[in-house]
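Okay, so here's the structure we're looking at.
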Amino acid sequence: MIIVIKQGATPEQTQAVVDKVTAMGYGVNVSKGAERLIIGVLGVRENKDMLAAQLASLPQVERVMPVSKSFKLVSREGAPGDTIIRLKGGVEIGGTAVHVMAGPCTVEGRDMMLETAAWVKKCGATLLRGGAYKPSTSPYSFQGMGKEGLEILAAARERTGLPVITEVMDPRDVPQVEEYADILQIGARNMQNFNLLKEVAKARKPIMLKRGLSATIEEWLLAAEYIYAGGNHDVILCERGIRTFETATRNTLDLSAVPLVKQLTHLPIIVDPSHATGKWDLVAPMARAGLAAGADGLIIEVHPNPSEALKDGFESLTFDNFAALMEGLRPIARAVGRPLASDAAALA
Ligand code: PEP
Ligand code: MN
């Protein structure tokens, strides 16, 4: 259940509600928005109905709402408004402006990373992607540069000012990746790695949770709930395509997930048309479609020389193709009333 505290209630009055709830054996999760304060009640006890009735009669309580959904804190009812993820340097994901995260699938070396970072920044990307720890379907393919890759990403951030997003696969690596990255990515294959979810819940950096290859929206939001309930409220969702019977594309981009997720949760959502299609020439149209559907941003694979990429070259854009994609996004961004963050910053 969720308790909405009245505007103007004092901190002591709010604390009194928290104390009452915890005294009856429940956990709490307090979310403070610009206008409302919401207390999520965690746990299952037989006295829930009695507690709800008692709370509803308190003068500082506006409303007590049962949450029928299996995911609670990440549900729309669980927060006073849209969650905005704020990074150092003024990047805000989930606000009016839309963000493009771009870079190679994998950090392959210093020069290619610095070159790509400079280019994507010039074209209007506002975050830099690159995998240092790579989930590989085959044990024989490249597994990533590990710590050295993280250092290269940090150098690219230093040069360009772009915040960095990179994947963490192993709970043991969370402290290390957290030290270098601005956003930690949980890959599709690890969406239900519950130990990893619990570990990143303790991290002090935002998490981007990719949808699992065959995960339903409910399973995906429950995975987000693990991170949120574990104490990390900075969760971004990423629709990256799901497995269907169709094999002409690498995955099937579930675009309807974007407006549906917006209805169901307060968390921001990013679309990944690169992994969703697996074909470089489908990336730009599906990126436009993602923005049109209401995504808060995009994550795009870009490589200086896709035909020689160690991973995912077939879905990676050349520098020129990325520049063209960014141009093509502008009219869509205007049409939905959400400027590209780089353009918004230029205007400000
Ligand atoms: C990636 O972003 O490089 C990646 C491996 O994505 P996913 O987990 O969606 O397959
Ligand atoms: Mn990739």
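Throughout, numbering of the chain's residues begins at 1 and tracks the sequence.
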Taking the side chain as every heavy atom from C-beta outward, state whether [X] and [Y] have any pair of such atoms under 4.5 Å apart.
X: Val28; Y: Thr22; value: yes
X: Lys48; Y: Met1; value: yes
X: Glu151; Y: Tyr180; value: yes
X: Val164; Y: Leu127; value: no
X: Thr265; Y: Tyr228; value: no
X: Leu255; Y: Met286; value: yes
X: Ile39; Y: Val4; value: no
X: Ile3; Y: Ile5; value: yes

Can a donor-acceptor pair be found, under 3.5 Å and without considering hydrogens, that links the side chain of [X] to the backbone of [Y]?
X: Glu178; Y: Arg204; answer: yes
X: Glu108; Y: Leu310; answer: yes
X: Glu246; Y: Ala248; answer: yes
X: Gln60; Y: Gln13; answer: yes
X: Lys134; Y: Cys105; answer: yes
X: Asn232; Y: Ile227; answer: no
X: Glu148; Y: Met145; answer: no
X: Ser141; Y: Thr137; answer: no

Using a 3.5 Å cut-off and no angle test, enumerate the donor-acceptor pairs between side-chain atoms of residues 87-97 and protein atoms at least two apart in sequence or in another chain.
from	atom 1	to	atom 2	distance (Å)
Glu92	OE2	Arg86	NE	3.2

Taking all heavy atoms of [X] and all of [Y], pick out the closest pair and write down the distance.
X: Ala224; Y: Leu237; value: CB-CD2, 4.0 Å
X: Arg45; Y: Tyr26; value: CB-OH, 2.9 Å
X: Gly290; Y: Val271; value: CA-CG2, 4.2 Å
X: Ile299; Y: Cys238; value: CG2-SG, 4.1 Å
X: Asp182; Y: Lys205; value: O-CD, 3.7 Å
X: Leu162; Y: Ala125; value: CD2-O, 3.5 Å

So side chain to side chain donor-acceptor pair (under 3.5 Å) across residues 315-325, not counting sequence neighbours, yields Arg250-Glu315, His275-Glu315, Thr318-Asn321
Acceptor/donor pairs from residues 213-220 side chains to any protein atom, 3.5 angstrom cut, sequence neighbours excluded:
from	atom 1	to	atom 2	distance (Å)
Thr216	OG1	Glu219	N	3.0
Thr216	OG1	Glu219	OE1	3.4
Glu218	OE2	Ser70	OG	2.4
Glu219	OE1	Thr216	N	2.9
Trp220	NE1	Leu209	O	3.2

Q | Short N-O contact, Arg129 and Glu301, less than 4.0 angstrom | A | yes
**Study point:** Ionic contact status for Asp296 with Arg338, cut-off 4.0 Å
**Key:** yes
### Message
If you apply the rule side chain to side chain donor-acceptor pair (under 3.5 Å), what do you find for Gln176 with Lys147, and how did you get there?
### Response
CA-CA 8 Å; Gln176 185 195 65; Lys147 185 162 185 277; over 6 Å; no
Q) For His233 and Thr83, what are the C-alpha separation, side-chain angles and deciding distance, and is it a side chain to side chain contact (heavy atoms under 4.5 Å, CB included)? A) CA-CA 9 Å; His233 294 184; Thr83 287; over 6 Å; no
Which residues satisfy the salt bridge (charged side-chain N to carboxylate O under 4.0 Å, His left out) test with [X], sequence neighbours excluded?
X: Arg211; value: Glu239, Asp254
X: Glu199; value: Lys202
X: Asp281; value: none
X: Arg172; value: Asp170

Check your understanding: Glu308 and His303: side chain to side chain donor-acceptor pair (under 3.5 Å), yes or no, with the steps?
Key -> CA-CA 9 Å; Glu308 287 184 8; His303 193 282; over 6 Å; no
_salt bridge (charged side-chain N to carboxylate O under 4.0 Å, His left out) between Lys69 and Glu77, intermediate numbers included_ = CA-CA 10 Å; Lys69 300 189 181 72; Glu77 298 100 313; 3.5 Å; yes
Go through the structure and list residues passing side chain to side chain contact (heavy atoms under 4.5 Å, CB included) with [X], not counting sequence neighbours.
X: Ser57; answer: none
X: Val283; answer: Pro273, Ser274, Thr277, Ile300, Leu317, Leu325
X: Thr126; answer: His99, Ala341, Ser342
X: Phe319; answer: Glu115, Thr116, Trp119, Val302, Pro304

For this session: Please test Val18 against Val30 for side chain to side chain contact (heavy atoms under 4.5 Å, CB included), starting from the C-alpha separation and ending with a verdict.
Result: CA-CA 9 Å; Val18 170; Val30 181; 4.2 Å; yes
If only side-chain N and O atoms count, and only distance matters, is there a donor-acceptor pair under 3.5 Å linking Lys311 with Ser136? yes
Ser307 and Asn305: CA distance, side-chain angles, deciding distance, side chain to side chain donor-acceptor pair (under 3.5 Å) verdict: CA-CA 6 Å; Ser307 61; Asn305 187 357; 3.0 Å; yes
Can you confirm whether Gln15 is buried at CD, in the sense that more than 12 heavy atoms of other residues, nucleotides or ligands lie under 6.0 Å from that atom? yes
How far apart are the C-alpha atoms of Arg288 and Leu329, what are their side-chain angles, what is the distance that settles it, and do they pass the side chain to side chain contact (heavy atoms under 4.5 Å, CB included) test? CA-CA 6 Å; Arg288 295 196 294 270; Leu329 291 179; 4.1 Å; yes
Hits for ring-ring contact (aromatic ring centres under 6.0 Å, His included) against Phe194, two or more places apart or cross-chain, chain-then-number order -> Tyr226
Separation between CD1 (Ile186) and CD1 (Ile183), nearest 0.5 Å, reads 12.5 Å
